[in-house]
Amino acid sequence: MRHDLVIFDNDGVLVDSEPLSNTILAAYLTELGHPTTYEDSLRDYMGAAVHRVHDLVLERSGQRLPADFDVAFHARVFAAFERELEPVPGAVDVLEKLVAGGVPYCLASSGSHERIRVGHRRTGLDRWFDDGRIFSSEDVGRGKPAPDLFLYAAERMGVTPEKCVVIEDSPLGVEAAVAAGMDVYGFTAMTPAERLAGATELFGTMRDLADLLV
């Protein structure tokens with residue numbers, strides 16, 4: 001294997017959360033007077049930390065979101081996770097193959113540590129990720145598309161950037177990985193391939209990813 005570390009994004013790559021969270025985000029922003037469709041939310045916010053929502057709403061409308069926006073939004077998302085979140089089909093198979101092959105891995109997510117843990121407990125992925133394998137945008141000053149989070153994860157795992165491969169499903173994540181000097185495999189299950197054009201490789205299913213990694 002040409003990589004010493006596999007860095008997974010979480011939402012949309014390990015847990016099938018993007019449809020849930022973007023449906024909720026679009027509805028909540030619309031409720032607050034900022035009309036947003038599900039497609040708008042995927043385009044503008046998929047793969048981003050929540051501060052991007054604040055930044056874009058302020059930039060476009062001149063209005064700030066309510067002070068309790070993050071708490072209220074995450075409460076809605078977590079409730080949906082507890083009801084219906086599932087792992088991405090085939091994600092566990094990939095993790096099993098990495099462990100069997102002795103390949104180091106971790107995750108680096110724009111989501112908060114709490115969001116990651118809630119999703120992992122619901123889906124059973126918590127058995128694959130102890131605290132030492134989880135890195136969040138909360139841990140760094142800037143989230144994706146800045147490279148900071150991926151560079152931080154690599155440093156903590158003791159691997160140089162050029163020996164890392166990132167598994168991403170969002171244009172912002174691909175941009176961040178490229179900026180970090182890492183290879184990146186783009187997951188096209190929800191994102192059109194042309195929006196992930198900067199990726200080193202593209203794949204459409206987790207079986208395809210397993211073939212690329214091991």
Side-chain angles (χ1 to χ4, degrees), residues 1-15 17-18 21-22 25 41-59 70 88 91 94-95 98 103-117 119-120 129-203 209 212-213:
M1 180 174 170
R2 59 187 172 132
H3 301 104
D4 292 344
L5 177 66
V6 179
I7 304 177
F8 289 95
D9 177 42
N10 187 53
D11 293 292
V13 171
L14 294 172
V15 295
S17 54
E18 295 292 8
S21 59
N22 283 283
L25 179 57
S41 185
L42 288 177
R43 181 194 66 222
D44 294 338
Y45 305 121
M46 182 173 166
V50 72
H51 67 75
R52 179 175 170 86
V53 182
H54 290 266
D55 293 344
L56 283 186
V57 167
L58 179 60
E59 177 185 318
D70 292 11
V88 168
V94 172
L95 293 169
L98 292 180
V103 180
Y105 67 90
C106 65
L107 75 81
S109 171
S110 292
S112 66
H113 281 282
E114 183 181 13
R115 177 187 174 115
I116 296 164
R117 281 304 188 195
H120 282 200
F129 291 93
D130 56 31
D131 290 342
R133 295 183 189 269
I134 294 178
F135 306 100
S136 161
S137 62
E138 291 180 323
D139 301 327
V140 295
R142 298 180 299 167
K144 305 168 191 178
D148 304 37
L149 177 56
F150 290 138
L151 292 172
Y152 176 74
E155 179 183 11
R156 290 292 302 272
M157 296 294 291
V159 179
T160 58
E162 64 271 16
K163 296 299 290 182
C164 297
V165 61
V166 176
I167 315 303
E168 265 289 353
D169 69 330
S170 75
L172 293 175
V174 169
E175 184 180 345
V178 171
M182 300 177 179
D183 283 345
V184 53
Y185 295 165
F187 188 24
T188 60
M190 283 192 61
T191 306
E194 60 269 20
R195 296 197 67 209
L196 303 177
T200 313
E201 302 274 1
L202 297 174
F203 67 98
L209 176 61
L212 287 171
L213 291 177

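For the single chain, residues carry numbers from 1 onward in sequence order. For the numbers below, each heavy atom of this structure counts, side chains included, while hydrogens, waters and symmetry mates do not. Only a predicted model underlies this, so the values are computations on that prediction, with no experimental measurement involved.
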Shortest non-hydrogen separation from [X] to [Y] and the atoms involved:
| X | Y | result |
| --- | --- | --- |
| Val13 | Ala91 | O-CB, 4.1 Å |
| Ala180 | Pro161 | O-CB, 3.4 Å |
| Ser110 | Leu149 | N-CD2, 4.3 Å |

Can you measure from [atom1] ([X]) to [atom2] ([Y]) and round to the nearest 0.5 angstrom?
| X | Y | atom1 | atom2 | value |
| --- | --- | --- | --- | --- |
| Ser17 | Asn22 | OG | CG | 8.5 Å |
| Leu212 | Ile167 | CG | CD1 | 8.0 Å |
| Ser170 | Glu18 | OG | CD | 7.5 Å |
| Leu151 | Met182 | CG | CE | 5.0 Å |
| Asn10 | Ile134 | CG | CD1 | 8.0 Å |

Legend entry - Pair listing, side chain to side chain donor-acceptor pair (under 3.5 Å) test, anchored in residues 129-138, at least two apart: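 Only Arg117-Asp131 qualify under side chain to side chain donor-acceptor pair (under 3.5 Å).
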Using the test ring pair (Phe, Tyr, Trp, His ring centres under 6.0 Å), find all partners of [X] that sit at least two apart in sequence or belong to another chain.
| X | answer |
| --- | --- |
| His54 | Phe69 |
| Phe129 | Tyr105, His120 |
| Phe135 | Tyr152 |

Inset, instruction - Sequence neighbours left out, what passes side chain to side chain donor-acceptor pair (under 3.5 Å) with Thr160? Give chain and number order. - result: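 With neighbours one apart ignored, the set is Glu162.
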Legend entry - side chain to side chain donor-acceptor pair (under 3.5 Å) partners of Glu175, counting only residues at least two apart: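 With sequence neighbours excluded, Glu175 shows a side chain to side chain donor-acceptor pair (under 3.5 Å) to no residue whatsoever.
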Legend entry - Polar side chain donor-acceptor pair, His113 to Asp139, under 3.5 angstrom: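 There is such a pair (donor and acceptor under 3.5 Å, judged by atom type) between the side chains of His113 and Asp139.
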Inset, instruction - Can you tell me which residue pairs pass the salt bridge (Lys or Arg N to Asp or Glu O under 4.0 Å) test with a partner in residues 140-156, sequence neighbours excluded? - result: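 Of all non-adjacent pairs touching residues 140-156, those that pass salt bridge (Lys or Arg N to Asp or Glu O under 4.0 Å) are Asp9-Lys144, Arg142-Asp148, Lys144-Glu168.
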Legend entry - Candidate list Leu107, Val103, Val94, test side-chain contact (heavy atoms from CB on, under 4.5 Å), partner Val6, passing option: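 So, applying the side-chain contact (heavy atoms from CB on, under 4.5 Å) to Val6 and each of Leu107, Val103, Val94, only Val103 qualifies.
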Show me the donor-acceptor pairs, under 3.5 Å and distance only, between side chains in residues 184-199 and residues at least two apart or in other chains.
residue : atom : partner : partner atom : Å
Tyr185  : OH   : Arg2    : NH2          : 3.2
Thr188  : OG1  : Phe203  : O            : 3.2
Thr191  : OG1  : Asp169  : O            : 2.5

Inset, instruction - Return each pair, listed once, that meets ring pair (Phe, Tyr, Trp, His ring centres under 6.0 Å) where at least one residue sits in residues 158-182; pairs must be two or more places apart or across chains. - result: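 Counting only pairs at least two positions apart or across chains, no ring pair (Phe, Tyr, Trp, His ring centres under 6.0 Å) contact touches residues 158-182.
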Inset, instruction - List in chain and number order the residues that pass salt bridge (charged side-chain N to carboxylate O under 4.0 Å, His left out) with Asp11, two or more places apart in sequence or in another chain; answer none if no residue qualifies. - result: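 With sequence neighbours excluded, Asp11 shows a salt bridge (charged side-chain N to carboxylate O under 4.0 Å, His left out) to Arg115, given in chain and number order.
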Inset, instruction - Flag the pair Met157 / Ile7 as yes when at least one side-chain heavy-atom distance between them is below 4.5 Å, and no otherwise. - result: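 Heavy-atom side-chain distance check fails, nothing below 4.5 Å.
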